[in-house]
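Contents: one structure, followed by commentary.
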Amino acid sequence: MSRPLKPVLLTGASGTLGRLLAHRLAALGWTLRLTDIRDFPDPLPPGAAFERADLEEGGAVGALARGCGLILHFGGISTEHPFDTILGPNLRGSFNIYEAARQEKARVVFASSNHVFGFYERTVKLDQDDPMRPDGFYGLSKAYGEMLARVYWEKHAVESVLIRIGSVLPEVPNERILSTWLSHDDFVALVERCAEADKVGCTVVWGASDNSRSFWNRDGRAVIGWRPRDSSDDQAEKVRGKVTDDPVTERYQGGVFVRADYSREDFPPAEMFPSPANLPPRDLES
Ligand SMILES: NC(=O)c1ccc[n+]([C@@H]2O[C@H](COP(=O)([O-])OP(=O)(O)OC[C@H]3O[C@@H](n4cnc5c(N)ncnc54)[C@H](O)[C@@H]3O)[C@@H](O)[C@H]2O)c1
Ligand SMILES: O=C(O)[C@H]1O[C@@H](O)[C@H](O)[C@@H](O)[C@@H]1O
């Protein structure tokens, strides 16, 4: 496996996935520039430098990205919160990242989320181009990040891989995550492929291991040459019955994120969702 020629900027380096990537990618010989609004909690891995910065500050982000060929954007608010909490880190923060990428002609790996699609029921299997159905302000901010990536690709040729991450965890903790689990090894291999692939354009990948209960189907993984090797299937027995007693949480792909601030008293009828699948067939003659 070849390592990137230029330094790689990793945002959110002090977070759960940032720390994992920092240690695993440094061990592969990558030159990393780590950043987060919080201090890096571990000894710095070899070849890595850390600088504290707020993603909301465009000047700081631009300076950090200088000379980098790849930006792994994992910083920001990572769970459901009120709009005002999410606005700065996730919307302005991602804008600052894309401006920096444009300046440096750098590729971006954007940590998108399954919560962009959280309002699909668990019985549905999605393809990459299905309509987004974010399950809250967090999912909405990731939808914005994906669309931002598309604008910067079409307008400025900034390349991105948009990883719709399921749940990166050492083990599956409950029944839902049998569908969304992405093992540590599959996750790190996916990020490696994002760096190594020759041309990526603006590619979408569902970030999940080879789980037979997956909610997700077709995506652009062939473009980057990634295939998961792990599967949650052998953990199914262990988590059998690990569910909540909340019908909203258990109905939807987004699970407990859907429940946050949920005020409907009924379930909306499926045909009320504005999806192409619910439109009458188009009259091809007219
Ligand atoms: N963990 C998962 O399974 C999962 C699933 C889907 C998507 N994601 C996405 O992947 C990324 C990493 O997830 P995580 O689980 O490591 O989250 P995390 O919350 O542990 O890490 C996010 C990091 O971003 C930093 N941050 C927040 N606001 C910032 C700001 N204004 N400026 C600079 N840094 C700031 C935080 O200090 C934190 O260290 C997030 O973008 C998250 O939305 C993660
Ligand atoms: O749905 C999930 O399991 C995960 O979704 C991601 O977007 C969140 O960042 C993470 O905290 C959740 O655990």
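Residue pairs meeting the salt bridge (Lys or Arg N to Asp or Glu O under 4.0 Å) criterion with at least one member in residues 136-147, sequence neighbours excluded, are Glu146-Arg164.
Not less than 6.0 angstrom separates the ring centroid of Phe95 from the ring centroid of His73.
Taking the side-chain hydrogen bond (donor to acceptor under 3.5 Å, both in side chains) definition, one finds that Ser231 meets it with Asp233, sequence neighbours left out. Listed by chain and residue number, Phe137 satisfy the ring-ring contact (aromatic ring centres under 6.0 Å, His included) test with Phe83 (two or more places apart in sequence, or in another chain). Checked against ring-ring contact (aromatic ring centres under 6.0 Å, His included), Phe74 has the following partners two or more places apart in sequence or in another chain: Phe187. Residues satisfying the ring-ring contact (aromatic ring centres under 6.0 Å, His included) test with His184, not counting sequence neighbours, are none. In terms of the side-chain contact (heavy atoms from CB on, under 4.5 Å) criterion, residue partners of Cys68 (sequence neighbours excluded) are, by chain and number, Pro7, Leu9, Arg33. When the side-chain hydrogen bond (donor to acceptor under 3.5 Å, both in side chains) test is applied to Asp54, no partner is found at least two apart in sequence or on another chain. Residues satisfying the side-chain hydrogen bond (donor to acceptor under 3.5 Å, both in side chains) criterion with Arg24, sequence neighbours excluded, are Asp185. Qualifying ring-ring contact (aromatic ring centres under 6.0 Å, His included) partners for Tyr152, counting only residues two or more places apart in sequence or in other chains: Tyr98, His156.
Between Phe40 and His23 the shortest heavy-atom distance is CZ-NE2, 3.9 Å. Between Ser232 and Asn211, the shortest heavy-atom distance links the atoms N-OD1, 2.9 Å. Residue Val200 comes nearest to Ser160 through the heavy atom pair CG2-O, 3.9 Å, listed as atom of the first residue, atom of the second, then distance. For the pair Asp39 and Ser14, the tightest heavy-atom approach, listed with the atom from each and the gap, is O-OG, 3.1 Å. When all heavy atoms are compared, the tightest approach of Arg150 to Cys202 is CG-SG, 3.9 Å. Of all heavy-atom pairs between Ala26 and Pro46, the closest is CB-O, 3.6 Å.
Judged by distance alone, the side chains of Asp230 and Ser209 never bring a donor and an acceptor atom under 3.5 Å apart.
Salt-bridge check for Asp36 with Arg52: failed, with every basic side-chain N at 4.0 Å or more from each acidic carboxylate O. Using a cut-off of 4.0 Å between Lys/Arg side-chain N and Asp/Glu carboxylate O, Arg133 and Asp135 are scored as not salt-bridged. Using a 4.0 Å cut-off between charged side-chain N and carboxylate O, Asp246 and Arg259 make a salt bridge. Salt bridge status for Arg122 with Glu250: present, with a side-chain N to carboxylate O gap under 4.0 Å.
Linking ILVMFWY side-chain heavy atoms closer than 4.5 Å, directly or via other members, places Leu148 and Ile165 in two distinct hydrophobic clusters. Hydrophobic cluster membership is shared by Val158 and Leu64, with clusters built from Ile, Leu, Val, Met, Phe, Trp and Tyr side chains linked at under 4.5 angstrom. Val151 and Val161 fall into different hydrophobic clusters, defined by Ile, Leu, Val, Met, Phe, Trp and Tyr side-chain heavy atoms under 4.5 Å apart, directly or through other members. If you chain together hydrophobic residues whose side chains sit under 4.5 Å apart, Val205 and Val188 fall into the same group.
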| request: Let me see the working for Arg229 and Asp186 under salt bridge (Lys or Arg N to Asp or Glu O under 4.0 Å), right down to the final yes or no. | output: CA-CA 6 Å; Arg229 291 166 176 266; Asp186 282 342; 5.9 Å; no
| said: salt bridge (Lys or Arg N to Asp or Glu O under 4.0 Å) for Glu56 and Arg92? Distances and angles first, verdict last. | reply: CA-CA 6 Å; Glu56 287 189 58; Arg92 181 163 290 283; 5.8 Å; no
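Arg221 CZ to Trp226 CH2: the interatomic distance, rounded to the nearest 0.5 Å, is 4.5 Å.
Crowding of Arg264 atom CZ: a count of heavy atoms from other residues, nucleotides or ligands under 6.0 Å exceeding 12.
Taking Ile, Leu, Val, Met, Phe, Trp and Tyr as members and joining any whose side-chain heavy atoms lie under 4.5 Å apart, directly or through other members, the hydrophobic cluster of Tyr252 also contains Phe119, Val248, Val258, Tyr262, Phe267. Applying the under-4.5 Å side-chain rule to Ile, Leu, Val, Met, Phe, Trp and Tyr, the cluster around Ile37 consists of that residue alone.
The closest side-chain heavy-atom distance from Tyr138 to Asn90 is below 4.5 Å.
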Give the table of side-chain donor-acceptor pairs shorter than 3.5 Å for residues 170-177, with sequence neighbours excluded, one pair per line with atom names and distance.
residue: Glu171; atom: OE1; partner: Lys238; partner atom: NZ; Å: 3.2
residue: Asn174; atom: OD1; partner: Arg176; partner atom: N; Å: 3.2
residue: Asn174; atom: OD1; partner: Ile177; partner atom: N; Å: 3.1
residue: Glu175; atom: OE2; partner: Gly241; partner atom: N; Å: 2.7
residue: Arg176; atom: NE; partner: Gln253; partner atom: O; Å: 2.8
residue: Arg176; atom: NH2; partner: Asn114; partner atom: OD1; Å: 3.1
residue: Arg176; atom: NH2; partner: Gln253; partner atom: O; Å: 3.3

